[in-house]
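Throughout, numbering of the chain's residues begins at 1 and tracks the sequence.
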Amino acid sequence: MPDRYAVIGHPIAHSKSPLIHGLFAQATGQDMRYEAIDGGAEAGGFGRALAAFRAAGGRGVNVTLPFKLEALAAAGEASDDARLAGAANALRFDGDRVQACNFDGIGLARDIEVNLGLPLAGRRVLLLGAGGAARGALLPLARAGARRIAIANRTAAKAASLARELAPHLPGSCILSGGALADLPAGETFDLVLNATSASLSAGTPAVPPGAFAPGALAYDMVYGQGLTPFLQLAQAAGATRVADGAGMLVEQAAEAFAWWRGMRPDTRQVLSMLQSRS
Ligand code: ATR
């Protein structure tokens, strides 16, 4: 009997996780099955789906929108990344124990540093958005050595409060600020501009000031899709010389979860190139 894993979300039909984990399992020779489960729109749907999957012998799950907060609440133990993000994207079942992790931020940092070849140490980062995605990215970026992180959000107060809340957990060498885009000092430039808003999902884009991009800067959109996202198109027009969407982050966070469940980290390069040529 193969060990069973799943991703739970709503909607879930478009999820690439079954494909990614299927390829990892094949490449590493692991006897496992990975399926997609729709938690539905009704209240309590996630809890019911999780309980049913555990009762059927499931060993662990990935969790995606809109259940990442509930996933953390369902766990008895949580990693620092999950606690500080206030959300979990992976659960592991060990008898009665449910453990939670959040690999989104580490997946992002790894994609930027390893796949895209931009070491984060000493970099200046503009983080657009102050919701769950931005919260999850902050600590891994700072831990990787970013020396300046400016959180800019449409609702400035939310960015300011996120910066205040997480500042004590960041290395002291990282200069953190939170506010509106308009609050940034005139002429400040960034090596990395990250879109962590949900705007691309609705085909909108947050404003990006022309001139925010340092020479050779990377614009990164945490979502991914067909072709360039609206944010990446805008970033290119505003002077970003390099652009990337979140496909690499998705594959890298999957590899972290796979390693946590199975004790071995799969090679991500082949899967990433397949995914990019398929999407
Ligand atoms: P997630 O968990 O995906 O981050 P969220 O917690 O709902 O989702 O946060 C969404 C983020 O995208 C917020 O920072 C939001 O800005 P506000 O705090 O001002 O609402 C941002 N956002 C969504 N649509 C946007 C748009 N069209 N332009 C700019 N920012 C947008």
Side-chain angles (χ1 to χ4, degrees), residues 1-9 12 15-37 50 53-54 57-65 67-68 71-72 74-85 87-95 97-120 133 136-145 220 222 224 244 246-276:
M1 275 278 280
D3 290 338
R4 289 181 65 188
Y5 297 87
V7 57
I8 308 179
I12 200 64
S15 173
K16 297 266 196 280
S17 293
L19 169 69
I20 295 170
H21 282 280
L23 291 167
F24 286 165
Q26 211 173 41
T28 56
Q30 294 287 297
D31 188 19
M32 58 183 273
R33 199 172 100 203
Y34 190 104
E35 59 205 272
I37 298 174
L50 189 67
F53 188 66
R54 283 185 71 194
R59 303 285 298 272
V61 291
N62 280 129
V63 182
T64 187
L65 298 177
F67 301 129
K68 291 184 184 186
L72 179 64
E77 300 159 51
S79 69
D80 284 353
D81 278 348
R83 260 185 288 113
L84 286 173
N89 85 331
L91 299 176
R92 185 168 71 180
F93 313 132
D94 180 11
R97 293 164 70 196
V98 179
Q99 299 166 301
C101 276
N102 191 325
F103 297 119
D104 284 335
I106 188 80
L108 170 72
R110 213 180 145 89
D111 188 35
I112 292 169
E113 294 204 290
V114 180
N115 299 333
L116 297 165
L118 184 82
L120 286 163
L138 258 179
L139 193 65
L141 291 172
R143 234 194 256 133
Y220 192 104
M222 286 171 71
Y224 70 96
M249 172 182 174
L250 178 74
V251 174
E252 294 299 335
Q253 66 75 28
E256 294 295 321
F258 190 94
W260 186 50
W261 292 330
R262 307 302 299 178
M264 63 178 71
R265 196 180 199 283
D267 182 25
T268 52
R269 278 167 304 185
Q270 205 187 354
V271 175
L272 187 53
S273 63
M274 281 182 73
L275 194 73
Q276 279 168 334

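Using cut-offs of 30° and 60° on the angle between ring planes, the pair Trp261 and His21 is tilted.
Residues Leu141 and Leu120 are in side-chain contact: their nearest non-hydrogen atoms beyond the backbone lie under 4.5 Å apart. Between Tyr220 and Asp111, the closest side-chain pair of non-hydrogen atoms falls below 4.5 Å. Between Met222 and Asp104 the shortest side-chain heavy-atom distance does not fall below 4.5 Å. At a threshold of 4.5 Å between non-hydrogen side-chain atoms, the residues Gln30 and Met264 count as touching. Counting heavy atoms from C-beta outward, Arg262 and Phe24 have side chains that stay 4.5 Å or more apart. Side chains of Phe93 and Phe53 form a contact here, defined as non-hydrogen atoms less than 4.5 Å apart. Looking at Asp81 and Arg143, their side chains come closer than 4.5 Å, going by heavy atoms from C-beta outward. Residues Leu23 and Leu275 are not in side-chain contact: their nearest non-hydrogen atoms beyond the backbone lie 4.5 Å or more apart.
Remark: the backbone N or O of Leu250 is paired with a side-chain donor or acceptor of Gln253 at under 3.5 angstrom. A side-chain donor-acceptor contact under 3.5 Å links Asn62 to the backbone of Asn89.
For Glu35, the salt bridge (Lys or Arg N to Asp or Glu O under 4.0 Å) partners two or more places apart in sequence, or in a different chain, are Arg4, Arg33. With sequence neighbours excluded, the residues that form a salt bridge (Lys or Arg N to Asp or Glu O under 4.0 Å) with Asp80 are Arg83. In this structure, Arg92 has no salt bridge (Lys or Arg N to Asp or Glu O under 4.0 Å) partners at least two apart in sequence or on a different chain.
A distance of 5.5 Å separates CD of Glu256 from CD1 of Ile106, quoted to the nearest 0.5 Å. Here the CD1 atom belonging to Ile20 is positioned 10.5 Å from the CE atom belonging to Met274, to the nearest 0.5 angstrom.
The shortest non-hydrogen separation linking Gly95 to Arg54 is O-NH2, 3.3 Å. Considering every non-hydrogen atom in both Arg265 and Thr268, the closest pair reads NH1-CG2, 3.8 Å. Counting all heavy atoms, side chain and backbone alike, Ala71 lies closest to Leu91 at O-CD2, 3.6 Å. Closest non-hydrogen pair, Gly9 versus Phe67, comes out as C-CE1, 3.5 Å. Residues Leu272 and Gly248 approach most closely at CD1-CA, 3.6 Å, considering heavy atoms. Across all non-hydrogen atoms, the minimal contact from Ala82 to Leu72 is O-CD2, 3.8 Å.
Tested against Asn115 for a side-chain hydrogen bond (donor to acceptor under 3.5 Å, both in side chains), the candidates Arg269, Glu252, Arg110 yield a single pass: Glu252.
When the shell of 6.0 Å around CD of Gln270 is examined, it contains 12 or fewer heavy atoms from other residues, nucleotides or ligands.
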Test side-chain contact (heavy atoms from CB on, under 4.5 Å) on Phe258 and Thr28; report intermediate values, then the result.
CA-CA 10 Å; Phe258 190 94; Thr28 56; 3.4 Å; yes
